[in-house]
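Here is the structure we will look at, set down as structure tokens.
Just so we're clear, the structure is a prediction, and the values are computed from it rather than from any experiment. Lettering follows sequence order; numbering is per chain, from 1.
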2 protein chains.
Amino acid sequence: MSGTVADLRTLRRELTRRRILDAAWELAREQGLPGLTMRDLGAGVGMRAQSLYSYFPSKHAIHDAMFAQGNRALLDRYAEKDAADAGDRGRDRDNPDARLCRLNRIWLEFCAEDPVRHQLLIQRPIPGFEPSAESYRAAAEVLELTRAAVHACGVTSPRAFDMFTGLTAGLAAQQNANDPGGTRWLRLADEAVEMFLQHYRHRHGGSP
Amino acid sequence: MSGTVADLRTLRRELTRRRILDAAWELAREQGLPGLTMRDLGAGVGMRAQSLYSYFPSKHAIHDAMFAQGNRALLDRYAEKDAADAGDRGRDRDNPDARLCRLNRIWLEFCAEDPVRHQLLIQRPIPGFEPSAESYRAAAEVLELTRAAVHACGVTSPRAFDMFTGLTAGLAAQQNANDPGGTRWLRLADEAVEMFLQHYRHRHGGSP
DNA sequence: GTCTATATTTGGATAGAC
DNA sequence: GTCTATCCAAATATAGAC
């Protein structure tokens, strides 16, 4: 019996943690990531700021949890969308170019739909913030996924991969900085991949 | 006579303003842009924080002055380097591709040599900060310079120019975020321009 | 022109009552 | 588990003496 009670407690606690994180995202979207304060966050979930310390040991821990959440959300998005768009039809082997375009679109849309999340995951807007090892693992997983997709297109040099990450990171950054909510750079996604593949496949690559 | 005295006073005042801004850059480079405080800044020039208000009406005004300084520095860099590398020899007309590569290298090196300045000029790390109109003018001038250089290479579509700014912004962002002080993305500068021109000149462009 | 003194606000975090 | 009551630190900014 006491086991069940403990489980319920843990569950309630976890739910409240989620509510706090949801409110944190909402506030960060409104006033920017540095503008997120314990006071406002407490008010956002109907608590005093001090009560938050029952759920997170520090503000840093909240940032870290958000970072981890963001990376997991991206991995989930890949799993959903990538599978939904082509997995069943088995086109992954047949057309690696299309898959790279797809992954690139998923990434760019993910970045554009929440500039604050993009900021937290990609740039480092919080001075002393270093994410935990577990959070880094998810980020590295995303990178490897992308690298594999580029390789599958016949482009294998590290230089080329750096160019790819630069290209796609730039489109996301420009979109959020200069046309937030729009599609001015988003719409260049496929064109960018095409440009990239044309250049690197013919130079260092394998099959056309 | 009183005019001379007034001039001296203005001069001294202007010199102190410069000293304050120099110290501001130094501190920002050390502790990040949000870590710049009036206290530390005062200490950096041998004053109390309160005395700074004799030179700048607010912290915001200091940020704005830094923003303007940064943009002017970039324009100066273009004027110096671009002219020094090719102006005398008059290659600008003969080889627009080389000029675009040159401008791109100047820009990337400028961004990489001071990540904090890059952050201030390109991204918007300070929540409520909006630069003054005069500062914006310099930034727009930079953009037009680049657009003209891309046009000279026979690439005229706005889409293509957006791709160019995305590409080059991404290289700078990746360099500073993932390899500060290194050259991992910097060295891709010419290759990026080559890739870009090959793609867009053959598609929408003019002469090869 | 710079200082001391101070006002004001804000934010992160702890202790202990209930 | 949440609250009240505080603490402490830091930061922007103003007033007035020297």
Side-chain angles (χ1 to χ4, degrees), chain A residues 2 4-24 26-28 30-67 120 125-130, chain B residues 2 4-24 26-28 30-67 120 125-130:
Chain A
S2 72
T4 303
V5 171
D7 285 358
L8 274 174
R9 259 207 279 270
T10 313
L11 183 64
R12 277 192 69 85
R13 188 185 158 78
E14 203 49 43
L15 279 171
T16 308
R17 277 177 62 101
R18 291 287 283 265
R19 269 180 54 229
I20 292 170
L21 289 180
D22 288 349
E26 194 184 324
L27 280 170
E30 284 170 11
Q31 340 175 337
L33 218 37
L36 176 65
T37 70
M38 298 298 273
R39 279 217 223 292
D40 294 349
L41 182 51
V45 293
M47 283 183 196
R48 303 269 108 175
Q50 300 91 316
S51 302
L52 297 172
Y53 289 88
S54 300
Y55 299 95
F56 295 94
S58 68
K59 191 185 183 183
H60 183 95
I62 294 177
H63 281 142
D64 194 56
M66 292 171 77
F67 184 83
L120 178 61
I126 301 159
F129 173 61
E130 275 305 306
Chain B
S2 71
T4 305
V5 170
D7 286 356
L8 275 173
R9 259 208 279 270
T10 312
L11 183 65
R12 277 193 69 85
R13 186 184 159 80
E14 204 50 42
L15 280 171
T16 308
R17 277 177 61 101
R18 291 288 283 263
R19 270 179 53 230
I20 291 170
L21 289 180
D22 288 350
E26 194 185 324
L27 281 170
E30 284 169 9
Q31 339 174 337
L33 218 38
L36 176 66
T37 69
M38 299 297 272
R39 277 218 226 292
D40 294 349
L41 182 52
V45 293
M47 283 182 196
R48 302 269 111 174
Q50 300 92 314
S51 302
L52 297 172
Y53 290 87
S54 300
Y55 299 95
F56 295 93
S58 67
K59 192 185 183 183
H60 183 95
I62 294 177
H63 281 143
D64 194 56
M66 292 171 77
F67 185 83
L120 179 61
I126 301 159
F129 173 61
E130 276 304 306

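Contact annotation: the side chain of B:Met47 approaches that of B:Tyr55 to within less than 4.5 Å [non-hydrogen atoms, C-beta and beyond].
Side-chain proximity of A:Met47 to the nucleotides D:dC3, C:dC3, C:dG12 is greatest for D:dC3. Nearest to the side-chain atoms of A:Arg48 among the listed nucleotides D:dT4, D:dA13, C:dG12 stands D:dT4. The side chain of B:Met38 lies closest to D:dT12, out of C:dG1, D:dG1, D:dT12. Looking at the side chain of A:Thr37, the nearest of the listed nucleotides D:dA13, C:dG11, D:dT12 is C:dG11. Side-chain proximity of B:Lys59 to the nucleotides D:dT2, D:dT14, D:dA11 is greatest for D:dA11.
Here the CG-OG distance, from A:Leu52 to A:Ser58, works out to 11.5 Å after rounding to the nearest 0.5 Å.
Looking at A:Leu36, A:Leu41, A:Thr37 one by one, the single match for side chain to side chain contact (heavy atoms under 4.5 Å, CB included) with A:Arg39 turns out to be A:Thr37.
If you measure from atom CD of A:Gln31 to atom C1' of C:dT10, you get 13 Å, rounded to the nearest angstrom. If you measure from atom CG of A:Asp40 to atom P of C:dG12, you get 9 Å, rounded to the nearest angstrom. Distance B:Arg9 CZ to C:dG1 C1': 11 Å, rounded to the nearest Å. Atoms CG (B:Leu11) and C1' (C:dG1) sit 16 Å apart, rounded to a whole Å. In this structure, the CG atom of A:Leu8 is 12 Å from the P atom of D:dG1, given to the nearest Å. Taking atom CD of residue A:Gln50 and atom C1' of nucleotide D:dC8, one finds them 14 Å apart after rounding to whole Å. As rounded to whole Å, 16 Å separates atom C1' of D:dT4 from atom OH of A:Tyr53. Rounding to whole angstrom units, CG of residue B:Leu52 and C1' of D:dT12 are separated by 11 Å.
The residue A:Thr16 sits apart from the nucleic acid: no heavy atom pair falls under 4.0 Å. The residue A:Tyr55 sits close only to the backbone: its heavy atoms come under 4.0 Å of sugar-phosphate atoms, none of a base.
Applying the 4.0 Å criterion to OP1 and OP2 of C:dT10, one finds that A:Arg39 has every side-chain N and O outside that range. The side chain of B:Ser51 places an N or O atom within less than 4.0 Å of a non-bridging phosphate oxygen (OP1 or OP2) of C:dC3.
Using modelled atom types, no side-chain atom of A:Arg48 and backbone atom of A:Gly42 make a donor-acceptor pair closer than 3.5 Å. Without hydrogens or angle criteria, A:Arg12 side chain to A:Asp7 main chain gives no donor-acceptor distance under 3.5 Å.
Nearest-nucleotide positions on DNA chain C for A:Pro57 and B:Gly46 put B:Gly46 closer to the 5' end.
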